[in-house]
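In what follows, a single structure is set out as C-alpha cells and then discussed.
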Amino acid sequence: MDRSACVGDKLRTMIIAIDGPAGAGKSTIARRLGRELGLFFLDTGAMYRSVAAEALRRGVDTSDEAALVQVARGIDLRFDEEGEIFIDGRPGGQEIRASAVDGIVSVVAAVPAVRAALVPKQKLVAERQGGVVAEGRDMTTVVFPEADYRFFLDASAAERARRRVAQRGQPELEEEIRRSMEERDRIDSTRMDSPLRLAAGVQRVQTDELTVDEVVAHLLEVIRGGDRR
Ligand code: DC
C-alpha cells in the first residue's frame with residue numbers, strides 16, 4: 001500500500017504534540033508542520049500570553065490569583081486559519097509579544113486554576129479542527145499524552161536567545177532577553193502544576209546545529225515513516 005496515502009487518510013484526526021523551552025523554535029516548526037500536513041496549528045503559549053495581556057489591560061496584579069482566574073475563564077479566545085489569536089475579538093499579535101507580557105506570563109501560567117480554564121479550550125480546538133499540531137509546555141505530558149507523535153524541541157540557552165533576538169531585531173537586548181528567557185524556563189519547569197519536562201517516550205530533538213528546514217524535514221520523516229511515540 002502507498003504509505004503516504006495511508007498517512008494522508010489518517011491526518012484528519014492526527015494530533016502532534018510539541019513541547020520545549022522558550023525560543024527553541026516550537027512555533028515556527030509547528031506552524032510549518034501544520035502547513036505540510038494540512039493540520040491546524042495550535043499555539044497554546046499564545047493563550048497564556050493572552051490571559052497575561054488581558055490581566056495587564058485590566059490592571060490585575062499577578063499575586064491576585066482569583067482575579068487572574070476570572071480573566072482566564074471569561075476571556076474569549078479564538079484562532080484564525082493561520083493560527084493567529086484573537087482576544088475578545090481583537091487581534092492579539094503584537095500585544096501578547098510585548099516584554100511586559102514576557103515578564104509576567106510564567107507567573108500567570110503557573111496558577112493551576114488558570115491552566116484548568118485553558119486546557120479544555122485547547123482540547124476543544126483539537127476536537128473541532130479534527131486534529132492539530134499543538135505546541136507549548138505540557139502538550140506531550142498533560143493535554144495530549146496520547147498524541148500520535150510527541151516531540152521535545154530543545155536548544156542551548158545561548159542559541160535560543162540568539163534566535164529570539166534575530167526574530168525581534170533588538171541585538172542590543174540579547175543579554176536581557178537571555179536572562180528573561182532563562183527566568184521563564186526556570187518557572188515553567190519547576191512549577192507544581194504541569195511543569196515543562198521531557199517525558200518517557202517523547203522524542204527529543206536537539207536543534208542547535210539544525211536549520212528550520214532540517215528540523216521540519218526530520219519531524220516529517222518520523223511522521224511519514226509512521227515511527228510512533
Ligand atoms: O511558548 P510561549 O513563550 O509563547 O509561552 C508563554 C508562557 O506560557 C511561558 O511562560 C510558558 C507558558 N506556557 C505554559 O505554561 N503551557 C503551555 N502549554 C504553553 C505555554
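Counting starts at 1 for both ligands and their atoms, following the listed order. Please read all numbers here as calculations on a predicted model, not as lab measurements.
- Protein heavy atom in closest approach to atom 16 (N) of ligand 1: Arg115 NH2, 2.9 Å.
- Residue-level proximity to ligand 1 for Arg49 is carried by the side chain, the only part with a heavy atom below 4.0 angstrom.
- By the neighbour-count criterion of 12 heavy atoms within 6.0 Å, atom CD of Glu209 is sparsely surrounded, having that number or fewer from other residues, nucleotides or ligands.
- The shortest N or O to N or O distance between Gln122 and ligand 1 is not under 3.5 Å.
- Cluster membership for Ile75 and Met47, using ILVMFWY side-chain heavy atoms within less than 4.5 angstrom, is shared.
- Of the listed residues (Val108, Ile104, Val105), the one carrying the non-hydrogen atom nearest atom 7 (C) of ligand 1 is Val105.
- The nearest heavy-atom contact from the protein to atom 8 (O) of ligand 1 is Tyr48 CB, 3.6 Å.
- Relative to atom 11 (C) of ligand 1, the option among Ile187, Asp193, Asp188 with the closest non-hydrogen atom is Asp188.
- Among all protein heavy atoms, the one lying closest to atom 20 (C) of ligand 1 is Gly45 CA, 3.5 Å.
- Heavy atoms of Ser106 found under 4.0 angstrom from ligand 1 belong to the backbone as well as the side chain.
- In this structure, of Ala24, Ser189, Ala109, the residue bringing a heavy atom nearest to atom 12 (C) of ligand 1 is Ala109.
- For the pair Glu135 and Arg31, the salt-bridge criterion is not met [side-chain N within less than 4.0 Å of a carboxylate O].
- Residue-to-ligand polar distances keep Asp43 apart from ligand 1: every N/O pair is separated by 3.5 Å or more.
- Shortest contact from atom 19 (C) of ligand 1 to any protein heavy atom: Thr44 OG1, 3.4 Å.
- At least one donor-acceptor pair closer than 3.5 Å links the side chain of Asp88 to the backbone N or O of Asp76.
- Between Glu135 and ligand 1, no pair of N/O atoms sits closer than 3.5 Å.
- Among the atoms of Arg191, some N or O lies under 3.5 angstrom from an N or O of ligand 1.
- Considering backbone and side-chain N/O atoms, Arg137 comes within less than 3.5 Å of an N/O atom of ligand 1.
- More than 12 heavy atoms of other residues, nucleotides or ligands sit less than 6.0 Å from atom CZ of Arg204.
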